[in-house]
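Okay, so here's the structure we're looking at.
None of the values given here were measured: they were computed from a predicted structure. Both counts, for ligands and for their atoms, begin at 1 and track the order of listing.
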Amino acid sequence: MNRKQKLSTICVQGGWKPKNGEPRVLPIYQSTTFKYETSEQMARLFDLEESGYFYTRLQNPTNDAVASKIAELEGGVAAMLTSSGQAANFYACFNICEAGDHIVSATSIYGGTYNLLSVTFKKFGIECTFVDQEASEEEISKAFRPNTKLLFGEMLSNPGVMVLDVEKFARIAHNHGVPLIVDNTFATPINCRPFEWGADIVTHSTTKYMDGHATCVGGCIVDSGNFDWEAYADKYPGLCLPDESYHGLVYTKAFGKMAYITKATSQLMRDLGAIQSPENAFLLNLGLETLHLRMPRHCQNALRVAEWLESNEKVAWVSYPGLKNDKCHELAEKYLPNGSCGVLSFGLKGGRDVAIRFMDKLKLVAIVTHVADARTSILHPASHTHRQLSDEQLKEAGIAPDLMRLSVGIEDIDDIIADIKQALE
Ligand SMILES: *Cc1c(COP(=O)(O)O)cnc(C)c1O
C-alpha cells in the first residue's frame with residue numbers, strides 16, 4: 001500500500017493540516033451553518049457542483065479532518081464519521097441495499113450488528129443469510145443469491161475475538177461480484193488494514209480503541225475506492241443510475257473512486273442524519289493521537305494476562321488469538337503479526353457461580369458493559385447481557401455459561417495480574 005507517512009505520524013498529525021497562521025490544534029467548528037457571499041455560490045454547493053460547507057448535517061470541518069485521518073490510517077480514499085458504530089454499519093450496508101436485496105454475513109459478529117442485519121433490515125425488506133466464517137469457500141458460496149449485494153464480517157469478532165480470514169472472504173465476495181465490508185473495530189488500523197487483504201469498505205465503532213478513553217460513542221465508514229461499481233451497474237443502481245434527489249446526478253460518473261462515500265454523505269446523511277457532533281470528533285481525534293502507543297500496550301498486557309490465566313489451575317479455559325494453541329493463532333500470525341487487541345475470554349473451574357464470586361472480589365478490574373478502553377474491565381454475559389437465558393440456551397447462542405469477557409487496559413501489568421490473583425484466591 002502506497003502511504004506517504006508512517007502510521008504513528010498519521011495518528012499524531014494526519015487530518016488537520018493548518019495553513020499559515022491557523023490553529024496548530026484541530027479546532028471544534030461548533031457551528032451548524034457556513035456563510036456565503038452570493039446566492040449562486042450556495043446553490044452550486046446544493047447541487048454538488050462544488051465542494052464546500054453549508055450545513056453540519058452534511059459536512060463539518062472538524063469531522064472532515066478526523067474522517068480524513070482515519071481514511072489515511074486505513075489506506076482508503078475517503079471516510080465519513082457517524083454518530084455510533086451501529087450507524088456506521090447501518091449506513092455502510094444501506095448505501096448499496098434496498099428492499100428486495102440480500103446480504104451474506106459471518107455469524108460471529110457483535111450482537112448489535114447481528115440484530116441490525118437479522119431483525120431490523122428484515123423490516124426494510126432486506127434479508128440476511130449468516131454463514132460460519134470457518135466454513136469452506138464452497139460452503140459459504142452457497143449462501144449467495146442473484147440479489148446479494150455485499151458480504152460482511154468482523155476482523156476480530158466481538159466478543160469471541162475470532163480472526164476473520166479476510167483474503168478468503170474477499171475472494172468469495174469478488175467471485176460473486178459484490179464488495180466485502182469489514183468491521184475493523186477491535187484490530188484498528190494499527191494492527192490490521194483490511195484493504196491490504198482485499199476488503200472494499202471498512203467500518204469502525206470509534207467508541208472502542210480509537211477513542212480509547214470511553215468518552216464518546218461514535219462510528220466511521222472508510223472507502224478503499226477499489227470496488228468497480230460500474231462493472232455491476234445493474235446491481236448498484238443507486239450508484240450507477242441518476243439520483244432523482246440531485247437532478248439526475250450519477251455518483252460513479254461525477255465522483256469516480258469517491259462515489260460510494262459521496263452518496264453516503266450527500267444522500268444517507270442528508271436524509272437520515274446520524275452525524276457525530278464536532279465536539280465528539282475533537283475528542284476522538286485526541287484518542288487517535290495516541291492510538292499507535294496504546295494498541296501495543298493493550299496487546300502486550302492481554303497476552304501476559306492470557307498466559308498467566310492459562311497456567312493457573314483454577315482456570316478452565318482461555319481464548320485469545322495471541323496464545324500459541326488458540327484456534328485462531330495461525331490466522332492471527334498472518335493478519336495481525338504485531339498483536340490482535342486487548343480483549344480475551346476465559347472460564348473458571350466450577351462454572352457460573354464461581355465466576356460471579358470471582359468478579360465480585362475484583363478491585364482494580366471493573367464490572368462494566370464497555371470494552372476496549374484504557375481501563376481494565378470485565379463482563380459476564382450469562383449474568384449481564386444474556387441473563388434471561390438458561391445454560392442450555394446460552395450454549396445454543398455459542399456462549400459458555402462460565403464465559404467472562406476481559407478487556408485488558410493499559411495499567412501496569414503487575415497490578416492487573418495481582419488483582420486477578422487476589423480475586424481467584
Ligand atoms: C461496539 C461495536 C459496535 C457498535 O458500536 P457502537 O459505537 O456501540 O454503536 C459495532 N461493531 C463492533 C465490532 C463493536 O465492538
Original post:
Which option, H370, K208, H204, owns the non-hydrogen atom nearest atom 14 (C) of ligand 1?
Top reply: K208
For [atom], what is the closest protein heavy atom, and at what distance to 0.1 Å?
atom                    : value
atom 6 (P) of ligand 1  : G85 N, 3.4 Å
atom 5 (O) of ligand 1  : S205 OG, 3.0 Å
atom 9 (O) of ligand 1  : Q86 N, 2.9 Å
atom 4 (C) of ligand 1  : Y110 CE2, 3.4 Å
atom 11 (N) of ligand 1 : D183 OD2, 2.7 Å
atom 7 (O) of ligand 1  : T207 OG1, 2.6 Å

Short list, please: which atoms of ligand 1 are under 4.0 Å from a heavy atom of [X]?
X    : answer
G218 : 7 (O)
S84  : 7 (O), 9 (O)
N158 : 14 (C), 15 (O)
F186 : 15 (O)
E154 : 13 (C)

Original post:
Is the Lys NZ or Arg CZ of K235 less than 6.0 Å from the centre of F227's six-membered ring, within 45° of the axis?
Top reply: no
Original post:
Do the numbers put R270 on top of the ring of Y246, so that NZ or CZ is under 6.0 Å from the six-membered ring centre and no more than 45° off the axis?
Top reply: yes
Charged N to carboxylate O below 4.0 Å: is that the case for [X] and [Y]?
X    : Y    : value
E137 : R171 : yes
R193 : E196 : yes
E72  : K6   : no

Polar side-chain atom of [X] near backbone of [Y] as donor-acceptor pair, under 3.5 Å:
X    : Y    : value
T185 : S205 : yes
N184 : V202 : no
R297 : G409 : no

Subject >> Matching residue for F169 among V104, I140, V182 - test: side chain to side chain contact (heavy atoms under 4.5 Å, CB included) >> reply: I140
Subject >> Within-shell test, A372 vs ligand 1, heavy atom, strictly < 4.0 Å >> reply: no
